[in-house]
There are 2 protein chains.
Amino acid sequence: MSRPRTRIQRKNSETILEAALEVFSAHGFRGATLDQIAEVAGLSKPNLLYYFPSKEAIHTELLTGLLDTWLDPLRAMDPEGDPLAEIMAYVSRKLEMSRDYPRESRLFANDILQGAPFMRAAIEGELTALVTEKSQVLQRWMDEGRIAALPPAHLIFSIWALTQHYADFDVQVRAVLGEGHDPFAEATDYLETLFAKLLALPRETG
Amino acid sequence: MSRPRTRIQRKNSETILEAALEVFSAHGFRGATLDQIAEVAGLSKPNLLYYFPSKEAIHTELLTGLLDTWLDPLRAMDPEGDPLAEIMAYVSRKLEMSRDYPRESRLFANDILQGAPFMRAAIEGELTALVTEKSQVLQRWMDEGRIAALPPAHLIFSIWALTQHYADFDVQVRAVLGEGHDPFAEATDYLETLFAKLLALPRETG
DNA sequence: TAACCGTTTGACCATCCGGTAAAGGCCACG
DNA sequence: CGTGGCCTTTACCGGATGGTCAAACGGTTA
């Protein structure tokens, strides 16, 4: 189903993947059922299996199809740009992803939490390669004295952790903050402050 | 089974809960099966159900039994202590929990990720109360000018996010870092730097 | 209009899984 | 050393669930 031919195939495949995202992200792979996905998609279960060979195939296509999108913000970090601005923009984009695409965030989180049974290959390949590449950029910026010197990989981890937390642990964040808070608006300010302080060059000791 | 009477009851209940922690944290509630837990525990499935009334009862007892332990590091933050030292100690303890009790971290993460079907009450009650209490302590420290002024709840979120990341996303962290790294040792240094910079009082503008 | 082909569905199957029943084993106590 | 009661197991049940199949549907084309 990777190359849908007819219009109806394209439409139904998309409908199914959208429904699958909804259900898989909310219940995990094992916790999701084809019946649930079928209901959300407005299709019958055998009809799902006309478009995809199995439950696992739907899940796999979802993950692989979304991975690129998920890594785009990091890819967009420009080695020729201004270091601080590039990193802040990356944090900002990543937090927007958490706000606008929390289901995708949870989908990935579910898998990685359980030892990445589905994403292991992508993590060890594509993702590690990208982080390695961008770590070198960060390291160069640090060597050039344009941002504070820090372990680049851990800097990236902290960006992931802090931004994805607001998507993955949304219920907890909202419960703790209570009514009358906009978690993402507050997080935007807070993370901007945090990374500004973290990356600022240490003052000359006088 | 909350009050085991005989020695054998106590032992088997503990064995079951230990096995359940192993299996639930690795596969989530729905992904775990009683047969898996029974196998890990070295008991038969009906035997599990002699000690606990249902799969859900095992899961619930696990969660409630571990919640207090999980919140202990935050509870231990002393309002009368030195602000920076207290917070740094909290970060340190929380990271140690991630290192020494990753299964517990994943158990909670699994539930919250999926909307906290099991922990919702505890999150809205106990956890929110504790965070509220400690937020006031942090706010006072900020008002007294002893640490940088930041939104207290978000400060706590960032401690959770950054420390738990190393437990919950362990496979990803290790894949990205590659061989020859000690994620937790490096994280200790990195997070110490991060929070030191974050909490440092802004210099007088000269 | 008839026939072809992509699409949809109702009925069904096999397996997995949480849970039950009842018989048998085993230990502690008298 | 026997008996009562705690513990364990074998066999099994019923519902949920992933997946199959063949028939039916419907739109496009000759």
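Numbers restart at 1 for each chain; the letters A, B, ... are given by sequence-line order, proteins then strands. Source: prediction; values computed, not measured.
- Relative to the side chain of Q9(A), the nucleotides dC7(D), dG6(C), dG19(C) differ in distance, and dG6(C) lies closest.
- Between K55(B) atom NZ and dC16(C) atom P the separation is 15 Å, expressed in whole Å.
- Applying the side-chain hydrogen bond (donor to acceptor under 3.5 Å, both in side chains) criterion to E144(B), with sequence neighbours excluded, gives R140(B), R146(B).
- E192(A) pairs by the salt bridge (charged side-chain N to carboxylate O under 4.0 Å, His left out) definition with nothing, not counting sequence neighbours.
- The stretch residues 35-47 of chain A comes close to DNA chain D through K45(A), P46(A), each having a heavy atom under 4.0 Å from the strand.
- Under the salt bridge (charged side-chain N to carboxylate O under 4.0 Å, His left out) criterion, K134(A) pairs with no residue at all, not counting sequence neighbours.
- Between H27(A) and Q36(A) the shortest side-chain heavy-atom distance falls below 4.5 Å.
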| field | Where protein sits on nucleotides 22-30 of chain C, one letter per nucleotide: B base, S sugar-phosphate only, - none, heavy atoms under 4.0 Å | value | ---------
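- Residue L49(A) is in base contact, counting any heavy-atom pair closer than 4.0 Å across all strands shown.
- Put simply, N12(A) has a side-chain N or O that comes within less than 4.0 Å of OP1 or OP2 on dT8(C).
- With sequence neighbours left out, the salt bridge (charged side-chain N to carboxylate O under 4.0 Å, His left out) criterion links D78(B) to no other residue.
- More than 12 non-hydrogen atoms from other residues, nucleotides or ligands lie less than 6.0 angstrom from CZ of F184(B).
- Proximity of Y50(A) to the phosphate of dT7(C): a side-chain N or O atom is located under 4.0 Å from OP1 or OP2.
- Less than 4.0 Å separates DNA chain C from at least one heavy atom of each of the following residues of residues 21-33 of chain B: A32(B), T33(B).
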Give me, pair by pair, the N or O atoms of the protein and of nucleotides 26-29 of chain D that are less than 3.5 Å apart, along with how far apart they are.
none

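- With sequence neighbours excluded, no residue forms a side-chain hydrogen bond (donor to acceptor under 3.5 Å, both in side chains) with W141(B).
- Here the side chain of L34(B) is nearest to one of dG19(D), dG19(C), dT8(C), namely dG19(C).
- Between atom CH2 of residue W70(B) and atom CD of residue E104(B) there is a gap of 6.5 Å, rounded to the nearest 0.5 Å.
- With sequence neighbours excluded, the residues forming a ring pair (Phe, Tyr, Trp, His ring centres under 6.0 Å) with H59(B) are F24(B), F29(B), F118(B), listed by chain and number.
- The distance between atom CG of L48(A) and atom P of dT20(D), rounded to the nearest whole Å, is 13 Å.
- Between the P atom of dC7(D) and the NZ atom of K11(B) lies a distance of 11 Å, rounded to the nearest Å.
- Under the rule for a salt bridge (charged side-chain N to carboxylate O under 4.0 Å, His left out), the partners of D72(A) that lie at least two apart in sequence or sit in another chain are R75(A).
- For the pair R106(B) (side chain) and S25(B) (backbone), a donor-acceptor distance under 3.5 Å is absent.
- Using cut-offs of 30° and 60° on the angle between ring planes, the pair H154(A) and F157(A) is perpendicular.
- To the nearest angstrom, P of dG19(D) lies 13 Å from NE2 of H59(A).
- By the side chain to side chain contact (heavy atoms under 4.5 Å, CB included) test, E96(B) is found to be paired with S92(B), R99(B), D100(B), residues two or more places apart in sequence or in another chain being considered.
- More than 12 heavy atoms of other residues, nucleotides or ligands lie within 6.0 Å of CD in E18(A), so this atom counts as buried by the packing criterion.
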